[in-house]
Amino acid sequence: MGIDFKTKKDNCPLASFYRVEVRDEIDSTNTAVFDAGNKGEAEGFCMIAKRQTAGRGRRGRNFFSPENTGLYLSVLLRPSLDAEKALLITTAAAVAGAKACERICGKNVEIKWVNDLFLDGRKIAGILTEGSIKPGTSKLEFAVMGIGINVIPPKGGWPEEISSVAGALCDSEESYKDVLDRLSTEFLNEFYDLYSKLPNTDYIEEYRKRQLATGKRINVLSGDGSFRKAEALGVDDCFRLRVKFDGEEKESAIDTGEISIRIED
Ligand code: BTN
């Protein structure tokens, strides 16, 4: 596969920022890039795999990553950011991913707070940002931003546990090879554009206008599997989700955890 960094702005130093390594198979691109970060590798190291044997999602979940089906990509970052601002990396990647996918499929791609991309009501991508903190500080030593995009549906179908929610960007096998290069290039270009300006968050309107949760009834999930019902009101200036929990008068803002959209009310 080939990545063409000359597609956007002439003065964008993308080709010198990213060093892309493509693997046929790896356990997890996030794990490999995190190891590289620990060994002192410079910012911009990017690994793309055609298959992951142990792809990881948020909350310790597995990310289904079969061969010739998706884009599995991780980038090593060394931002000058407090660890508590790591959410900005995830949200910048969500906007970059949504825009890249929209250019390929020509449809609107939605973002489900905080890190999932949806097309036609199905999850087509997820983002996992992991970080290491500088000892004795609150600053990030490095971060790894990983994105997995389902480019086409897997030949054998989705595993049962995700079959009701998982979807893909395109539907045919022929599109896979064509799409992969374009999608990676578009995504890396867009992501650099936003990441290089952080902590500037001018992209927040792009995030808000694609927000799937706003105005919907949701479940706010806790780590122990329990949930609270709420109404999602919107995304605040710090990318927290503003919610009104059932039975409460005042608004709350959540910055961690996960939501699901309720369909029964
Ligand atoms: C989620 O949906 O919870 C996040 C999924 C993130 C998956 C990507 S695929 C590339 C990178 N490597 C991993 O092991 N995970 C991320």
Side-chain angles (χ1 to χ4, degrees), residues 1 3 18 20-38 41 44-77 86-87 89-98 100-101 109-119 121-132 142-152 154 158-159 161-169 176 179-180 183-184 187-188 191 195 212-213 219 221-223 225 241 256-261:
M1 60 186 292
I3 311 283
Y18 289 119
V20 181
E21 190 173 312
V22 180
R23 297 282 187 96
D24 285 337
E25 180 182 298
I26 192 132
D27 50 358
S28 153
T29 54
N30 258 41
T31 304
V33 172
F34 202 95
D35 288 349
N38 269 330
E41 179 73 49
F45 174 59
C46 170
M47 186 175 284
I48 297 179
K50 295 184 179 159
R51 170 171 185 248
Q52 294 184 120
T53 54
R56 294 185 289 109
R58 290 178 82 214
R59 304 180 148 220
R61 280 189 297 247
N62 167 51
F63 188 79
F64 184 58
S65 315
E67 194 175 14
N68 295 335
T69 300
L71 171 65
Y72 315 114
L73 175 159
S74 300
V75 186
L76 178 63
L77 305 166
L87 193 62
I89 297 173
T90 303
T91 51
V95 170
C101 289
V109 170
E110 292 173 295
I111 300 171
K112 184 178 78 86
W113 187 89
V114 58
N115 68 322
D116 289 336
L117 301 187
F118 274 67
L119 176 65
R122 292 194 159 250
K123 173 170 167 171
I124 59 162
I127 295 156
L128 176 66
T129 304
E130 297 176 298
S132 171
F142 65 85
V144 176
M145 185 288 299
I147 184 166
I149 303 177
N150 304 326
V151 176
I152 57 164
W158 304 104
E161 63 277 15
I162 56 169
S163 62
S164 62
V165 69
L169 181 59
Y176 176 70
V179 165
L180 201 63
L183 183 62
S184 343
F187 173 75
L188 289 171
F191 179 68
Y195 168 72
L212 184 63
N219 292 327
L221 311 172
S222 304
L241 188 64
T256 55
E258 197 168 78
I259 60 160
S260 67
I261 311 288

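Whatever order the structure lists them in is the order used to number ligands and atoms, beginning at 1.
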Numbering the atoms of ligand 1 from 1, which are under 4.0 Å from a heavy atom of Ile127?
4 (C)
Regarding Asn115 and Thr90, do their side chains bring together a donor and an acceptor under 3.5 Å, going by distance alone?
no
Tell me: protein heavy atom nearest atom 5 (C) of ligand 1, and distance?
Phe63 CD1, 3.4 Å
Hey, does Arg59 sit under 4.0 Å from ligand 1 if you only count heavy atoms?
no
Check step by step if ring-ring contact (aromatic ring centres under 6.0 Å, His included) holds for Phe45 and Tyr18.
CA-CA 6 Å; Phe45 174 59; Tyr18 289 119; over 10 Å; no
Among protein heavy atoms, which lies nearest atom 10 (C) of ligand 1, and at what distance?
Thr29 OG1, 3.2 Å
Please state which protein non-hydrogen atom is closest to atom 3 (O) of ligand 1 and give its distance, to 0.1 Å?
Arg58 N, 2.7 Å
May I ask you to list the atoms of ligand 1 that are less than 4.0 angstrom from any heavy atom of Asn30?
11 (C), 12 (N), 13 (C), 16 (C)
Check this for me: does any side-chain nitrogen of one of Glu25 and Arg51 sit under 4.0 Å from a carboxylate oxygen of the other?
yes
At a 4.0 Å threshold, what atoms of ligand 1 neighbour a non-hydrogen atom of Leu73?
10 (C)
Pair Thr31, Arg56: side-chain N/O donor-acceptor within cut-off below 3.5 Å:
yes
Short list, please: which atoms of ligand 1 are under 4.0 Å from a heavy atom of Gly55?
14 (O)
Considering non-hydrogen atoms of the protein only, which is the closest contact for atom 15 (N) of ligand 1, and what is the distance?
Arg56 O, 2.7 Å
In plain terms, say whether Glu21 and Arg23 are close enough for a salt bridge, that is, a side-chain N and a carboxylate O under 4.0 Å apart.
yes
Do any N/O atoms on Arg61 end up under 3.5 angstrom from N/O atoms on ligand 1?
no
Pairs of nitrogen or oxygen atoms closer than 3.5 Å, one from Tyr72 and one from ligand 1: do any exist?
no
Under 4.0 Å from any heavy atom of Ser28, which atoms of ligand 1 are there?
12 (N), 13 (C), 14 (O)
In ligand 1, which numbered atoms sit nearer than 4.0 Å to a non-hydrogen atom of Gly57?
1 (C), 3 (O), 4 (C), 5 (C)
Starting from atom 2 (O) of ligand 1, locate the nearest protein heavy atom and write down its residue, its atom name and how far away it is, to 0.1 Å.
Lys123 NZ, 2.6 Å
Please answer whether the main-chain N or O of Gly257 pairs with a side-chain N or O of Arg58 as donor and acceptor at a distance below 3.5 Å.
yes
The closest protein heavy-atom partner of atom 12 (N) of ligand 1 is Gln52 OE1, 2.9 Å
One finds that the ligand 1 atoms under 4.0 Å from a non-hydrogen atom of Leu128 are 6 (C)
Check this for me: does any side-chain nitrogen of one of Arg61 and Glu258 sit under 4.0 Å from a carboxylate oxygen of the other?
yes
Within the distance-only criterion (no hydrogens, no angle test), does the side chain of Gln52 pair as donor or acceptor with the backbone N or O of Thr29 below 3.5 angstrom?
yes
Keeping the roles fixed (side chain from Asn30, backbone from Leu128), state whether a donor-acceptor pair exists under 3.5 Å.
yes
Under 3.5 Å donor-acceptor, Tyr72 side chain and Pro66 backbone
yes
